[in-house]
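Below: the structure, in structure tokens.
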There are 2 protein chains.
Amino acid sequence: MDNRDYERDALVLRALANESRLKIIERLGREQACVCELTEMLGLDQSTVSKHLTVLKTADIVSGVRRGNHIYYRLLAPCVLSFLNCAASVHAKKDGDREHQGECNGQT
Amino acid sequence: MDNRDYERDALVLRALANESRLKIIERLGREQACVCELTEMLGLDQSTVSKHLTVLKTADIVSGVRRGNHIYYRLLAPCVLSFLNCAASVHAKKDGDREHQGECNGQT
DNA sequence: CCAGTATATGGCTATATGGCCATATAGTCA
DNA sequence: TGACTATATGGCCATATAGCCATATACTGG
């Protein structure tokens with residue numbers, strides 16, 4: 001149980017460690033979307049969004065299927081949404097709570 | 001529930017998105033440790049380890065208390081350990097499983 | 001105080017990242 | 001086929017990151 005593949009783990013976490021990509025994930029957590037929708041939502045260059053999606057695909061966090069002229073992306077690993085709750089609770093703790101137990105479903 | 005602080009979330013995730021820091025977290029998840037123990041475990045320069053700990057401290061993931069000559073670090077946010085399980089399940093899926101539901105405690 | 005040990009900080013270099021623009025690719029529809 | 005739209009890729013630049021070495025700081029024990 002100790003032989004984690006830290007390199008792979010870090011790859012996944014690096015893919016998540018970006019504000020724009022977090023927004024993409026949050027969006028895809030609600031409903032699949034095409035690149036153009038994500039591009040409009042983020043207000044970034046389309047090529048930039050495409051690269052973000054490549055990063056997420058490489059980490060096996062999202063996948064896209066073509067439908068007609070569009071490619072619809074969806075979240076493959078919904079568990080990453082819990083990362084956001086945990087991440088949020090980390091600073092929630094800092095800015096108010098006392099000791100921060102629970103809040104995110106970690107095995108203490 | 002939509003006004004996430006993505007910047008703060010990304011800060012936390014960036015702090016986790018590094019192989020050496022993941023090893024530190026896994027270690028501290030088992031038991032607190034001083035810098036010198038972590039330095040030996042990682043086989044990196046002591047200054048490098050100290051900087052990693054600063055990153056983790058800044059993200060409120062760990063904190064250290066001095067005891068005599070040593071500073072003992074402990075994990076403040078044990079929920080981050082569940083990140084590792086989720087991250088692992090993301091590639092476990094790739095390398096075998098079919099659809100990857102559950103495995104990590106996300107709210108699907 | 002001084003010497004010794006543990007930790008932190010500053011300076012440096014090599015590499016990675018995120019953004020843009022320009023362009024290439026892949027599909028649709030006449 | 002050719003015009004059009006959606007997405008991906010390559011090139012570039014500015015900034016961030018991880019590592020090292022050297023040095024500073026903080027504490028302990030004589």
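Protein chains get the first letters and strands the later ones, always in sequence-line order, with residue 1 at the start of each.
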Quiz prompt | Nearest-0.5 Å distance, NE2 of residue B:His52 to NZ of residue B:Lys23 | solution = 10.0 Å

Exercise. Round to the nearest Å and state the distance from B:Leu53 atom CG to D:dG19 atom C1'.
Key: 15 Å

Quiz item: Would you call B:Phe83 and B:Leu13 a side-chain contact if the rule is heavy atoms closer than 4.5 Å?
Solution: yes

Quiz item: Is the backbone N or O of A:Glu37 less than 3.5 Å from a side-chain atom of A:Glu40, with the two atoms forming a donor-acceptor pair by type?
Solution: no

Exercise. Measure the CG-CG distance between B:Leu28 and B:Leu81 for me, rounded to the nearest 0.5 Å.
Key: 9.5 Å

Quiz item: How would nucleotides 24-30 of chain C be written as a contact map, 5' to 3', with B for base contact, S for sugar-phosphate-only contact and - for no contact, using protein heavy atoms under 4.0 Å?
Solution: ---BS--

Quiz item: Say you draw a straight line from CG of B:Leu84 to CZ of A:Arg4; how long is it, rounded to the nearest 0.5 Å?
Solution: 4.5 Å

Quiz item: Base, sugar-phosphate, or nothing for A:Tyr73, non-hydrogen atoms under 4.0 angstrom?
Solution: sugar-phosphate

Self-check item: Distance in Å, B:Ile24 CD1 paired with B:Leu42 CG, rounded so as to fall on 0.5 Å steps
Solution: 5.0 Å

Self-check item: Atom pair CG (B:Asn18) and CG (A:Asp9), whose distance is rounded to the nearest 0.5 Å
Solution: 12.0 Å

Quiz item: With a 4.5 Å heavy-atom cut-off, do A:Leu75 and A:Arg30 have their side chains touching?
Solution: no

Exercise. Assign a letter to each nucleotide of nucleotides 15-20 of chain C from its 5' end: B, base within under 4.0 Å of a protein heavy atom; S, sugar-phosphate only; -, no contact.
Key: --SSBB

